[in-house]
Number of protein chains: 2
Amino acid sequence: MRGRVTGTKSRRRGAQLEQAILDAAWDELREVGYSRLTIEAVAARAGTSKPVIYRRWGGRAELVLAAWARNLPVEPEPPDTGTLRGDLHTLFSRIAHRADTMMNEMVAGVMGEAFRHPEVAALLGERLANPSPLTDTVRTIVDNAVRRGELPPVDLPPRVLRLPLDLIRTESMTCGVPAVDETVESLVNDVYVPLLHGLAAVGDAVDQG
Amino acid sequence: MRGRVTGTKSRRRGAQLEQAILDAAWDELREVGYSRLTIEAVAARAGTSKPVIYRRWGGRAELVLAAWARNLPVEPEPPDTGTLRGDLHTLFSRIAHRADTMMNEMVAGVMGEAFRHPEVAALLGERLANPSPLTDTVRTIVDNAVRRGELPPVDLPPRVLRLPLDLIRTESMTCGVPAVDETVESLVNDVYVPLLHGLAAVGDAVDQG
DNA sequence: GCGATAAGAAACGCAAAGTATCTAAAGAGT
DNA sequence: ACTCTTTAGATACTTTGCGTTTCTTATCGC
């Protein structure tokens, strides 16, 4: 309970109010999605009013990015199935599950606004491109495979570390539905595993040359 | 000249009118981008009125997809630089050049609407996922590399054929700017070439096993 | 308790969506 | 050439949401 007593008008301020608004935005996002999310609805849901929101954020995109930042998923332990393929399958499935419809609609929507608002583009790029717990997981999975001897030692460029998320996002954004298991299978077998072997082979050649 | 005499009210119909509207939509798209494109502006630009547009298309996304379909770029001859890397670099640069800001903003915008309108999702998926002149070019480049002995014979899954476009689009949509040469370099060297070698190696193993 | 700050309510002007109504022009059929 | 059907184009309307302004008053720091 945040309010005091029914009938009493209590007024939240500062961090408490901000959190209430971001919670409301996040709930709204989950319920109606980005494209139907309105500032007015968020304000109503948070029990506040539009100016309060506009005093803090520049618009929908920034508000949603802020709400997203407070609701980042907790990265689970890296999978350890005993095979590279198995670990990657688990990883890709996790990403696909996490990057569900709402998430992708949000990313698409924010992207759309990012083209007109450089500051939004900056925030979004930061969120998507930076090293994250996810890229650490990718690294761990590959390291484990190397340790087991499934792969030669291989150096992973940042872009390759980001690729799992990018691949899943692309799939699910162009299809409009979360990636199905068959898709995950294909991304692992047709793209990511061959890529890792290819990178390892190149590393080999350099080592030997 | 489409009109008759100045002052005379001529009325276009059918295909002629439709083309005028799609041209107007395309011009508008290039000038103000997807997010600022309004049906009213397109109608005004085409010298017609909103109801005429709504009679034909369901909304912005569908109108824009139709305009896009009439303005598909002509796929140039596959590059032939003599090396796989060179050809891929040329190809990726071409894609990056073509997939400029306007194009990506459009894709992002249409994607955003696709989540709510299944028919838009279908049209968009069709446009992005189908075999295209571009995938033919990828195949040709790889075939040439195989013929030169740069690569073992390799079978390319559809997803791999689409990957160049997906990679460029991802880059330029998350950064909000067209991919720079350095990015192209990295996509070719860090991702696509290793992937091709990895796929070829797998094919080898299967052939030999 | 006093004054500064900022929350919340209400209303505004604006833009654009999408719809409805009406007219008259184009084209088809006789 | 005349009629009839279709539909382009004009206009205006309702709705929705944006982003802003104004005003009151609750809350906090002192």
Side-chain angles (χ1 to χ4, degrees), chain A residues 2-25 28-29 31-64 66 109-110 112-113 116-117 119-120, chain B residues 1-25 28-29 31-66 109-110 112-113 116-117 119-120:
Chain A
R2 253 176 207 127
R4 300 268 170 74
V5 179
T6 311
T8 301
K9 285 189 176 181
S10 93
R11 232 178 234 190
R12 297 153 299 179
R13 298 187 135 207
Q16 192 188 1
L17 175 59
E18 189 162 315
Q19 186 61 48
I21 294 170
L22 292 176
D23 287 347
E28 201 66 14
L29 208 49
E31 276 185 27
V32 306
Y34 183 84
S35 64
R36 292 199 233 234
L37 179 142
T38 69
I39 302 287
E40 284 179 326
V42 173
R45 181 165 212 146
T48 181
S49 62
K50 285 196 293 173
V52 177
I53 294 179
Y54 280 109
R55 274 170 207 143
R56 287 160 203 268
W57 298 280
R60 254 192 337 170
E62 287 176 44
L63 171 61
V64 164
V110 173
E113 294 195 28
R116 277 198 296 155
H117 303 289
E119 66 282 6
V120 172
Chain B
M1 284 296 172
R2 254 174 204 130
R4 301 268 171 73
V5 179
T6 312
T8 300
K9 287 189 176 180
S10 93
R11 235 179 230 192
R12 299 154 299 179
R13 302 189 132 204
Q16 192 188 2
L17 175 60
E18 187 162 316
Q19 186 63 48
I21 294 170
L22 292 177
D23 287 347
E28 202 65 16
L29 208 48
E31 277 185 26
V32 306
Y34 182 83
S35 63
R36 293 198 231 237
L37 179 141
T38 70
I39 302 288
E40 283 178 326
V42 172
R45 180 163 213 149
T48 182
S49 60
K50 284 195 294 174
V52 177
I53 293 180
Y54 281 110
R55 274 169 206 145
R56 286 160 204 268
W57 297 280
R60 255 191 340 169
E62 286 176 44
L63 172 61
V64 164
L65 281 168
V110 173
E113 295 195 27
R116 275 198 298 153
H117 302 288
E119 66 281 5
V120 172

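In this structure, Ile21(B) places its CD1 atom 11 Å from C1' of dG9(D), rounding to the nearest Å. In this structure, Ile39(B) places its CD1 atom 16 Å from P of dG9(D), rounding to the nearest Å.
Among residues two or more places apart in sequence or in another chain, the side chain to side chain contact (heavy atoms under 4.5 Å, CB included) test is passed with Glu31(A) by Arg45(A). Under the rule for a salt bridge (Lys or Arg N to Asp or Glu O under 4.0 Å), the partners of Glu18(B) that lie at least two apart in sequence or sit in another chain are Arg56(B), Arg70(B). Listed by chain and number, the residues in a side-chain hydrogen bond (donor to acceptor under 3.5 Å, both in side chains) with Ser35(A) are Glu105(A), Arg116(B) (sequence neighbours excluded). Every residue two or more places apart in sequence or in another chain was checked for a side chain to side chain contact (heavy atoms under 4.5 Å, CB included) with Ala44(A), and none qualifies. Residues passing the salt bridge (Lys or Arg N to Asp or Glu O under 4.0 Å) test with Glu119(B): none are found, sequence neighbours excluded.
Phosphate proximity of dA7(C) to Arg56(A): present, with a side-chain N or O under 4.0 Å from OP1 or OP2. Contact annotation: Arg12(A) does not reach the phosphate of dA7(C) (side-chain N/O to OP1 or OP2, under 4.0 Å).
Residues of residues 46-54 of chain A that place a heavy atom closer than 4.0 Å to DNA chain C, in numerical order, are Thr48(A), Ser49(A), Pro51(A), Val52(A).
The base of dA17(C) does not come close enough to the side chain of Arg60(B) for any donor and acceptor atom to sit less than 3.5 Å apart. No N or O donor and acceptor, one from the side chain of Arg55(A) and one from the base of dA6(C), sit under 3.5 Å apart.
For the pair Arg60(A) (side chain) and Thr38(A) (backbone), a donor-acceptor distance under 3.5 Å is absent.
No contact: Arg36(A) has no heavy atom under 4.0 Å from any strand.
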All N/O contacts under 3.5 Å from nucleotides 4-6 of chain D to the protein, with atom names and distances to one decimal?
| from | atom 1 | to | atom 2 | distance (Å) |
| --- | --- | --- | --- | --- |
| dT6(D) | O2 | Arg13(B) | NH2 | 2.7 |

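Checking Glu113(B) against Tyr34(B) by side-chain atom types alone, a donor-acceptor pair falls below 3.5 Å.
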